[in-house]
Protein chains: 2
Amino acid sequence: MGEYGQFCPVAKAAEVLDERWTLLVVRELVAGSTRFNDIHRGVPRMSRTLLTKRLRTLVDQGLITRREERQGPVYELTTAGNELAAVVDVIGQWGIRWLSSLSDEDLDPALLMWDMHRRVDLGALPPGRTVLAVVLDHAAPQLRNWWLVLDQHEADVCDYDPGFGTDLTMQASTGTLVRIWRGELGWDDAVRTSRLELRGPSELRRQVRTWFQLSPFATVSRPEARDAG
Amino acid sequence: MGEYGQFCPVAKAAEVLDERWTLLVVRELVAGSTRFNDIHRGVPRMSRTLLTKRLRTLVDQGLITRREERQGPVYELTTAGNELAAVVDVIGQWGIRWLSSLSDEDLDPALLMWDMHRRVDLGALPPGRTVLAVVLDHAAPQLRNWWLVLDQHEADVCDYDPGFGTDLTMQASTGTLVRIWRGELGWDDAVRTSRLELRGPSELRRQVRTWFQLSPFATVSRPEARDAG
DNA sequence: CAGGATCCGATTAGATACTG
DNA sequence: CAGTATCTAATCGGATCCTG
């Protein structure tokens, strides 16, 4: 795409980073995804064709490598690409401070579940397997019900009942969970006001909040409420 | 333009920042430009129509304000916009570390002179007015000769002889000056190898290197030279 | 100096269908 | 699972001309 014709390092970096979707693909790689389909789950609105193209560009630019494994291609950040973690971090910090108004379009249930499953603190789980059902109020029928299958080794997310039974059910609107996720609404506050409902053994109801680490940006300090000028 | 449909703060920030040219316009504002023409001198390849459009978008997004003054409109960063300085900084640091290969297109003489004039350390200048002529080897005729008119209060850049006489002349290729500017080539090294030639009183020849602060990214540490994997 | 209005060509990305 | 190929609709941005 476009070059800026400037020797400024900001301009040279922008040539690489400001192409549409690129920063989000990098974010997925920074978050640890290495397989095509995993990366795509983090950018589901991107066509697979376009993702292919962006990945190739990133390889050409030396930000990632592509390796053929038995299970298929594996994408990994190079040293240069890895240092973009700092860029993603600062941009996210700015974003959470100043861009808090979300449209309904932004409240993507599948994305929320994908994010949650990836931030599970495996060490905080009870022994054995735990199945957490999540019900998202008002979501479209096929996006309403989710199951997180958690054990000490991995966290899986399903959009169908995996058939192990349910240990705990969590019910809320997608917006409520997103606000909790982003650190804009306290867990206790949400429970107290019944915006977040938990059903199951009281011990699990108490513990569940420790199973998730929330968004990496949840703890970023927010600006004082006053005009932006 | 495009929305990503994600609640992730990185995605929300990218919606604002990854539109073409936007980051460079922000960079100009962070660097201190407030007038339309000054901003445009920092992004000369951007059409004025497009710059107008981007500025309006930035106002709508609450990153800058536009104020009508007697001399004309003045653009200024809001608190939110001002915090983008950190984003510009991190991106520039990454850029100078990993994107050192510049095309001829990137070596824009006018941009270099504009950058230099803006990073003059007024306090380091000799008393009174100093005129520094700059000759850029191999540049197109109308981009070869420049004059920096420096005094304790301001630094001006002209592409014509302002008629005050010349105290010191600096001659080099644009590429050499850019590499010095970016911190990739030492001043002494350039002088010793005659890539940078100075003509004028020996005292000024010795002092001139202190008049410029170089690029804000000149002092960023560079990666060790080895493969990027 | 700081734009507004238009037109038009180039680029882009989504949708769709197909492949090993 | 991980793409490729193709077509089309939409968008974007440069050029040009005009304004107060």
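Every heavy atom of this structure was used, including side-chain atoms; hydrogens, water molecules and symmetry mates were not. Naming convention: chains lettered A, B, ... in sequence-line order (proteins, then strands); numbering from 1 in each chain.
- The 12-atom threshold is exceeded at CG of B/D60, counting heavy atoms of other residues, nucleotides or ligands nearer than 6.0 Å.
- At whole-Å resolution of the value, CD in B/E19 and C1' in D/dC12 are 9 Å apart.
- Distance B/L50 CG to C/dA2 P: 17 Å, rounded to the nearest Å.
- Rounded to an integer number of Å, the gap from A/E68 CD to D/dA2 C1' is 9 Å.
- Atom P of nucleotide D/dG13 and atom OH of A/Y4 are separated by 9 Å, given to the nearest angstrom.
- When the nucleotides C/dG3, D/dA2, C/dG4 are ranked by their closest atom to the side chain of B/T49, C/dG4 comes out on top.
- A/D106 and B/K12 are joined by a salt bridge, as a carboxylate oxygen and a charged side-chain nitrogen come within less than 4.0 angstrom of each other.
- In this model, the phosphate group of D/dG3 is approached by a side-chain N or O of A/Y75 to a distance below 4.0 Å at OP1 or OP2.
- Comparing the local axis fitted to the first five base pairs of the helix from C/dC1-D/dG20 to C/dG20-D/dC1 with the one fitted to its last five gives a bend of 50°, rounded to 10°.
- B/H40 places its NE2 atom 12 Å from the C1' atom of C/dG3, with the value rounded to the nearest Å.
- Considering A/N82, A/L84, A/L77 in turn, A/L84 is the only one that fulfils the side chain to side chain contact (heavy atoms under 4.5 Å, CB included) rule with A/L63.
- In this entry the distance linking CG of B/L55 with P of C/dC1 reads 16 Å, nearest Å.
- Between A/R35 and D/dA2, a side-chain N or O to OP1/OP2 separation shorter than 4.0 Å is present.
- Regarding contacts with the backbone of C/dT12, every side-chain N or O of A/R20 stays at 4.0 angstrom or more from both OP1 and OP2.
- In terms of phosphate contacts, B/R54 brings a side-chain nitrogen or oxygen within less than 4.0 Å of OP1 or OP2 of D/dG13.
- B/R56 has its CZ atom 12 Å from the C1' atom of C/dA5, to the nearest Å.
- No side-chain donor from either of B/D159 and B/Q142 sits under 3.5 Å from a side-chain acceptor of the other.
- Close placement of the A/W21 and B/Y4 rings is indicated, their centers lying within 6.0 Å of each other.
- Listed by chain and number, the residues in a salt bridge (Lys or Arg N to Asp or Glu O under 4.0 Å) with B/R67 are B/E69, B/E76 (sequence neighbours excluded).
- More than 12 heavy atoms of other residues, nucleotides or ligands sit less than 6.0 Å from atom CZ of B/R48.
- When distances are taken from the side chain of A/W21 to each of D/dT4, D/dG13, C/dG14, the shortest belongs to C/dG14.
- Nearest to the side chain of B/R66, among D/dG14, D/dG3, C/dG3, sits C/dG3.
- We find that NZ of A/K53 is positioned 13 Å from C1' of D/dA5, with the value rounded to whole Å.
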